[in-house]
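Quick notes on the structure that follows.
Every chain is numbered from 1, with letters handed out A, B, ... down the list of sequences.
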Number of protein chains: 2
Amino acid sequence: MLGSPIVDWQTKRREVARSEILSAAWDAARDNGLAAITLRDVAARVGMQAPSLYSYFDSKHAIYDAMFGQAWSEYDEIEKELEERLPASPRAALKVGSRAFFEFCVTDPARHQLMNLRLIPNFTPSPESYAPSVRVFERLRRQLSEFGVTEDADVDLMTAVIAGLIDQQLANDPGGDRWGRLLDRAMDMYADQVGLP
Amino acid sequence: MLGSPIVDWQTKRREVARSEILSAAWDAARDNGLAAITLRDVAARVGMQAPSLYSYFDSKHAIYDAMFGQAWSEYDEIEKELEERLPASPRAALKVGSRAFFEFCVTDPARHQLMNLRLIPNFTPSPESYAPSVRVFERLRRQLSEFGVTEDADVDLMTAVIAGLIDQQLANDPGGDRWGRLLDRAMDMYADQVGLP
DNA sequence: GTCTATACACCGATAGAC
DNA sequence: GTCTATCGGTGTATAGAC
């Protein structure tokens, strides 16, 4: 592959810059809220002028899109590692897995809003950015099926219970654990419902 | 009360205008999304110029605030009527009540975002607008306590289950009923958990 | 009192010089 | 690739007509 290193340098340099921009965007989202991100602020955080961002992203939505993919990819990696040391007991595995997702969402509200809610007007993730979230969901389906839970409705009920605890925690007790401490109990409630041992 | 009719005319006229503005704001929210409301658009819908809105509301946030109070007041009225013909059976009552809230939220996503999520940056409802939502929550507490459910954690679990179904329905199957048809089952699951007959 | 006209600072986005 | 200049739009605010 002669000559390809030069392309790699350029590509890598570009990727580094994109990564720095995304990092600045996350900082801005955590500081002022996801919807309150401004290109001027993000640019200033990386020492650029606002229009220069357009050399790396086609639009503000493209930044949101990359952030969406990044967040789900990050959680996908966490779950991939977690999967190898998951308890054999269905209930214990349910509790460990749901706790991981709960903590991931609750520790960064802006990230959760982007991942799980549709609060950016007219923003729909691109297929590439959507892919890692599909991987996470398919892994959940597979894990549940190994415990004998195969009905779509059963999986939907599971996601609803976890999503509800996360949303209530963030909306009504941010920084606390009023709903977080209900998580294990909620998983037992679900396990009873779908007949898990 | 001589002379008071004049005051009433003025007050009523003002209230009518405020009501029309709010109605236009709801239309705009449903058309373009809650966060995408613009004062110029709202004003145009009621045949005004944008600055004229400041004669009726102190700021855009004041409009959101009034919308928040209006939405919860409306649901408070619905529940007040519903309460008189609630089934005696705890499980049936749970299903009827949760269905009412679910439908109210799902039929108007913009309203749900305003009522239950915190997606408008720096917006916190005023005490007056917050009051009707407290009334709704206290009614739920009272109804549950009549069934013997008195623990705060039990009430929190209930709100989380319903909130989760609503959020998943709106985020992943808007316009459908993929999570809506799980509502009765979820209420049975909850009733089992808290030991309701 | 209510409206129109106008202004300000900021936003996302684009054009074009270098 | 990065900059300056600029566009149309936004929330917000005030001055002043009627």
Distance check needed: [N] [atom2] versus [X] [atom1], whole Å only.
X        : N      : atom1 : atom2 : value
A/Leu39  : C/dC11 : CG    : C1'   : 9 Å
B/Ile37  : D/dT12 : CD1   : P     : 12 Å
B/Ile120 : D/dG11 : CD1   : P     : 12 Å
B/Asn122 : C/dC10 : CG    : C1'   : 15 Å
A/Met48  : D/dT4  : CE    : P     : 13 Å
B/Leu53  : D/dT12 : CG    : C1'   : 12 Å
B/Gln49  : D/dG16 : CD    : C1'   : 15 Å
B/Phe57  : D/dA13 : CZ    : P     : 15 Å

* Identify which nucleotide among C/dT2, D/dG11, C/dG12 has an atom closest to any side-chain atom of B/Lys60, counting heavy atoms from C-beta outward. => D/dG11
* Would you indicate what B/Tyr56 reaches in the nucleic acid, counting non-hydrogen atoms under 4.0 angstrom: base, sugar-phosphate, or nothing? => sugar-phosphate
* Would you indicate what A/Ile63 reaches in the nucleic acid, counting non-hydrogen atoms under 4.0 angstrom: base, sugar-phosphate, or nothing? => nothing
* Just by distance, do the side chain of A/Gln169 and the backbone of A/Gly176 share a donor-acceptor pair under 3.5 Å? -> yes
* Between A/Tyr54 and C/dT14, is there a side-chain N or O to OP1/OP2 distance below 4.0 Å? -> no
* **Residues A/Glu83 and A/Arg142 bridged, charged N to O under 4.0 Å** => yes
* Asked: Does A/Trp179 reach the side chain of B/Thr159, with side-chain heavy atoms less than 4.5 Å apart?
  -> yes
* A/Phe57 versus A/Arg18: any side-chain heavy-atom pair under 4.5 Å? -> yes
* Cation-pi check, A/Arg185 onto A/Tyr190 ring (under 6.0 Å, within 45° of axis) -> no
* Of A/Arg40 and A/Ser52, whose nearest nucleotide on DNA chain D comes first from the 5' end? -> A/Ser52
* Asked: Taking for each residue the nucleotide of DNA chain C bearing the nearest heavy atom, is the 5' side occupied by A/Pro51 or by A/Asp41?
  -> A/Asp41
